[in-house]
Amino acid sequence: MCCTPSQRLSTSGYKTLCEGLARTCTLRRLSLAGSHLGDANMLLLQEGLEKNCSLEELDLTACGLSDVGAACVASVIKRHADRRVDMAFHRHLREYPDLSLGEARAQATHRHALHQAARDVDAACGGIMHVELAENEVRLSTLEMHVYFNPLSTQFQQIACEMCILRSGTIAH
């Protein structure tokens, strides 16, 4: 789905989009690039983005976002990461190797089960993997704050670093 600058949505349009995002299970990419979304409308979309289980790419290039909008995006990414961890733990990660099989076979069987668990979580959970924030007025310190707040810091730092790189030249320190 794409929204071009000539197709601006009203507040009620963003509320409807939020409801649709919460329900859809097929949308993989959403581009709002150049839509003048702004922080207020980003906050309207937050709930729908957090509930969405299929979205993998979100393009927010030149959407008029500030630190408030960036915090909203960071919250969505954190919610997706938390959902994946919860699902993985509750579905599979509480299992231990069956040592009655012998150590080597038990470890191999357990490793296979963990890989299958990861595939199951990927299929069921989805989650945003790529965010474009170029040409927005987001300070680097806002993103860093959310990076260090997240207990899944390695994954989140990678996402935040990619977001910083994509903003090419618009970083305000």
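- Using modelled atom types, one side-chain atom of Asn136 and one backbone atom of Ala134 make a donor-acceptor pair closer than 3.5 Å.
- Remark: Asp59 engages Arg29 in a salt bridge (charged side-chain N to carboxylate O under 4.0 Å, His left out) (not counting sequence neighbours).
- The backbone N or O of Leu49 lies less than 3.5 Å from a partner atom in the side chain of His80, making a donor-acceptor pair.
- Here Lys51 pairs with Glu47 under the salt bridge (charged side-chain N to carboxylate O under 4.0 Å, His left out) rule; sequence neighbours left out.
- No side-chain donor-acceptor contact under 3.5 Å links Asn41 to the backbone of Leu44.
- Evaluation of the side chain to side chain contact (heavy atoms under 4.5 Å, CB included) rule for Ser100 yields Asp98 as partners, not counting sequence neighbours.
- Every side chain to side chain contact (heavy atoms under 4.5 Å, CB included) that Thr109 has, sequence neighbours left out, goes to Leu101, Arg105.
- Rounded to the nearest 0.5 angstrom, Leu45 CG and Leu9 CG are separated by 8.5 Å.
- Residues Cys18 and Gly48 approach most closely at SG-N, 3.2 Å, considering heavy atoms.
- The side-chain heavy atoms of Val73 and Val76, taken from C-beta on, include no pair separated by under 4.5 Å.
- When every heavy atom of Leu27 is checked against every heavy atom of Thr24, the shortest pair comes out as N-OG1, 3.6 Å.
- Put simply, the side chain of Ser35 never gets that close to the backbone of Cys63: no donor and acceptor are under 3.5 Å apart.
- Under the 3.5 Å distance criterion, the side-chain polar atoms of Thr16 are matched with a main-chain donor or acceptor of Ser12.
- The line from OG of Ser66 to CE of Met42 is 11.5 Å long, rounded to the nearest 0.5 Å.
- Interatomic distance, CG of Leu21 versus CD of Glu19, reported as 10.0 Å (0.5 Å rounding).
- Scored by the side chain to side chain contact (heavy atoms under 4.5 Å, CB included) test, Arg111 finds Gln107, Ala108, His115 as partners (sequence neighbours excluded).
- To the nearest 0.5 Å, the span separating CD on Glu56 from CD1 on Ile128 amounts to 10.0 Å.
- Shown here are the salt bridge (charged side-chain N to carboxylate O under 4.0 Å, His left out) partners of Arg83, two or more places apart in sequence or in another chain: there are none.
- In this structure, CG on Asp67 lies 8.5 Å from CG on Asp39, to the nearest 0.5 angstrom.
- Residue Glu57 holds its CD atom at 8.5 Å from CG of Leu55, rounded to the nearest 0.5 Å.
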